[in-house]
Protein chains: 4
Amino acid sequence: MGERGYAATGISAICEHSGLPASSIYWHFGSKEGLLGAVMERGARQWLKSLQQSIDAPNDSPPLPALLQHGFTSLKTDPPEFLRLLILLALERSHDDHATLEAVRSIREMGRRAFENALRQTFSNSHPDLADDIARKYSSSALAFAEGCYLAHQLDPDNTDIGELGRHLEFAVLAMAHDFVSSRT
Amino acid sequence: MGERGYAATGISAICEHSGLPASSIYWHFGSKEGLLGAVMERGARQWLKSLQQSIDAPNDSPPLPALLQHGFTSLKTDPPEFLRLLILLALERSHDDHATLEAVRSIREMGRRAFENALRQTFSNSHPDLADDIARKYSSSALAFAEGCYLAHQLDPDNTDIGELGRHLEFAVLAMAHDFVSSRT
Amino acid sequence: MGERGYAATGISAICEHSGLPASSIYWHFGSKEGLLGAVMERGARQWLKSLQQSIDAPNDSPPLPALLQHGFTSLKTDPPEFLRLLILLALERSHDDHATLEAVRSIREMGRRAFENALRQTFSNSHPDLADDIARKYSSSALAFAEGCYLAHQLDPDNTDIGELGRHLEFAVLAMAHDFVSSRT
Amino acid sequence: MGERGYAATGISAICEHSGLPASSIYWHFGSKEGLLGAVMERGARQWLKSLQQSIDAPNDSPPLPALLQHGFTSLKTDPPEFLRLLILLALERSHDDHATLEAVRSIREMGRRAFENALRQTFSNSHPDLADDIARKYSSSALAFAEGCYLAHQLDPDNTDIGELGRHLEFAVLAMAHDFVSSRT
DNA sequence: CATGAATGAGGCTTCATTCAT
DNA sequence: AATGAATGAAGCCTCATTCAT
């Protein structure tokens, strides 16, 4: 489903890949949507866990570069198929899929908060009074830009230099934050 | 197709919306993929043309803000359904076809070139010797960030301030460019 | 139609081969069946004419060998696609195709008469009183055997020695005739 | 399929005759061609088996007459629809498939071998040294003639005396064989 | 006489799902 | 917990045919 989209992935294809007959899949998951839900839940749990681990890990580098480096590196080593599926589902508006949209929103919010924390920590020492404002103000844009980098990597992997995108993203976010600092000083 | 994805959009649904019988659609487009190709080409041509026109038009604002303003405004007034389709197709990896991927690549290249031109014009007066380098170096990132803004708008329209994203994007790109200028001076 | 059968030959295929649009074909022949009728009529006329010519031609060899030689040679040099179509149509019992069955019957009758004449001429000198009986008695079997040779040639051209089949057929028919003569003498 | 030809026989027609829904047929046979293959194989196996049984059965008449008698009788009592299908398929040259042609060839080879065996047994006592040569030399022609008889019966049942054709065929084959014996003695 | 466009009916096949075992 | 068999609905597409130009 992560490779072809929900509609284009037939139960029979899943059977061929898993070796199980369709009836077994239905015994386990109840329906095609049930299977999707299970896959999504497992994918989300795994991905978020790995993300949290790497964030919690003791880290020498500054928070924002650390976050970006981890995120962008994982795109190459352990591509989160789950993310692809999530975006696909959100874009495939089956116009009645409240649950999926809610999941997308909450996961994006987690991502945004990761940027928020990274930004706050980055400026908590140098500008303790502005750190909160900076974090709140630019986290959404940072997330959006990061998603753009991910998307570019998906759309045209051969012509996308994901490393440079990451460096540009880091510089851009910090530049915006510094500009904010200047404007308030 | 732009709303539900390629696979999930049946010919019969298209017939109901268009009022034409399926056989007429097949006479015109040959196949479901043919229809997709035609839709993509027309959508891309129209959107890019309108974008170009608004940039070429006698304009008070500088090129990059003009490009961003028009692009991001059109997301609200005349949402380019074809863009969503483009992303969906690229993520739906049923591409034994290869033609679709090629279309995606060429359309993205057009978008990148729009940013390249805007950047070059922006710096052609102040730094004629660096304008080309700037345009080449940052156009890809600018495109990627812009796609991220679009994606954010698609994934969670209610919590996405597209106007602010645009302003941040403009600032970010210019900041990177100015940094490049400083490093070369 | 002679290659694929009536049902398997679409109007569109005929259009591609002829370069004409379907509507032109309908202007000329009225319907798919009309086209079939025209093709059959022309094919029958041509094939029968060529057969008649070769029979009428002054001929040194005895009548039966001459008939067989001409018929079997034409299978290789000028394969009567028309015959294929005729047999196909007769076997494809569209269960309401009186005209086709009638055509088959009349053409087979012509073939049988060719054998009848050849046999009569063969024995008209040596056994003038029995020639008619021989001709009448064995012409049907001769035709059936000959059709079998044709069919074998169609079913498995590579493993079918059409020349030998012809020689065997000639011998077989003459052997039956001679046996008949013996039994009456 | 045996009545109308492969292309003219729709899956829906088969459904009506069998009472099964189309999807069940596809579960069993995979495709229309798969169904064809199964039908052909079963038809051929049954018919040839019954033929072989009646030949192997303790039999008063000599082998060749037994073969012919049983074969030609079965044309009337238990008409082998699969034979008509076989011929139709061979004449319908849609054979990019190649598998069908191979089936045709192997089934004809079985038939030829039946004649070969019958001929060998017929002459194994009287001319043990020539029986093999005779069997090899005339089996193909015997098969071809027999097919012609079958075809004649199909094309024009009313005017075809299948019994007489069988007697003539038997005499013809034996006459050729005896001629061969004479020439070698 | 030619042609581009159109169309309802039906083509073969796959879909997601169920059920008895 | 597994599986072979079954099925109505729907999938994409081609059919033979018509008609205005």
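The sequence lines fix the lettering, A, B, ..., with proteins before strands; numbering per chain opens at 1.
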* **Atom of D/Cys15, atom of D/Pro21 and distance for their closest heavy-atom approach** => SG-C, 3.9 Å
* Structure fact -> D/Ile11 CD1 to E/dT14 P, in whole Å, measures 11 Å
* Is any side-chain heavy atom of A/Glu147 closer than 4.5 Å to a side-chain heavy atom of A/Arg108? -> yes
* Does a side-chain heavy-atom distance below 4.5 Å link B/Glu92 with A/Glu92? -> yes
* **B/Glu109 vs B/Arg105, salt bridge (charged side-chain N to carboxylate O under 4.0 Å, His left out): CA-CA, chis, key distance, verdict** => CA-CA 6 Å; B/Glu109 175 63 14; B/Arg105 212 168 303 162; over 6 Å; no
* What is the 5' to 3' range of DNA chain F, first to last nucleotide, that sits under 4.0 Å from any heavy atom of chain D? -> F/dG4 to F/dG8
* Asked: Which value, rounded to the nearest 0.5 Å, describes the distance between A/Glu81 atom CD and A/Leu86 atom CG?
  -> 12.5 Å
* Start at the 5' end of DNA chain F and walk down; is the nucleotide closest to C/Ala22 or to B/Thr9 reached first? -> B/Thr9
* To do: Starting from the 5' end of DNA chain E, give me the residue, C/Ser24 or A/Lys32, whose nearest nucleotide shows up first.
  => C/Ser24
* Asked: When rounded to the nearest 0.5 angstrom, what distance separates CG in D/Leu20 from CD1 in D/Ile14?
  -> 11.0 Å
* To do: Please examine the side chains of D/Leu88 and D/Tyr6, heavy atoms only from C-beta on, and report whether any two atoms are closer than 4.5 Å.
  => no
* Asked: Does A/Ala7 or B/His28 map to a spot on DNA chain E nearer the 5' end, using the closest nucleotide for each?
  -> B/His28
* Give the rounded distance in Å between these two atoms: CD of A/Glu16 and P of E/dT14. => 11 Å
* Got a donor-acceptor pair under 3.5 Å from the side chain of C/Ser23 to the base of E/dG4? -> yes
* Paired and unpaired positions of DNA chain E as dot-bracket, Watson-Crick or G-U wobble under 3.5 Å, | denoting a partner strand -> .||||||||||||||||||||
* Rounded distance in Å - CG (D/Leu36) to P (E/dC12) -> 13 Å
* Could you state the CD1-P distance from D/Ile14 to E/dG11, rounded to the nearest angstrom? -> 11 Å
* Asked: Given atom CG of D/Leu20 and atom P of E/dT13, what is their separation to the nearest angstrom?
  -> 16 Å
* Would you say the side chain of D/Tyr150 lies within less than 4.5 Å of the side chain of D/Arg84, judging by non-hydrogen atoms? -> yes
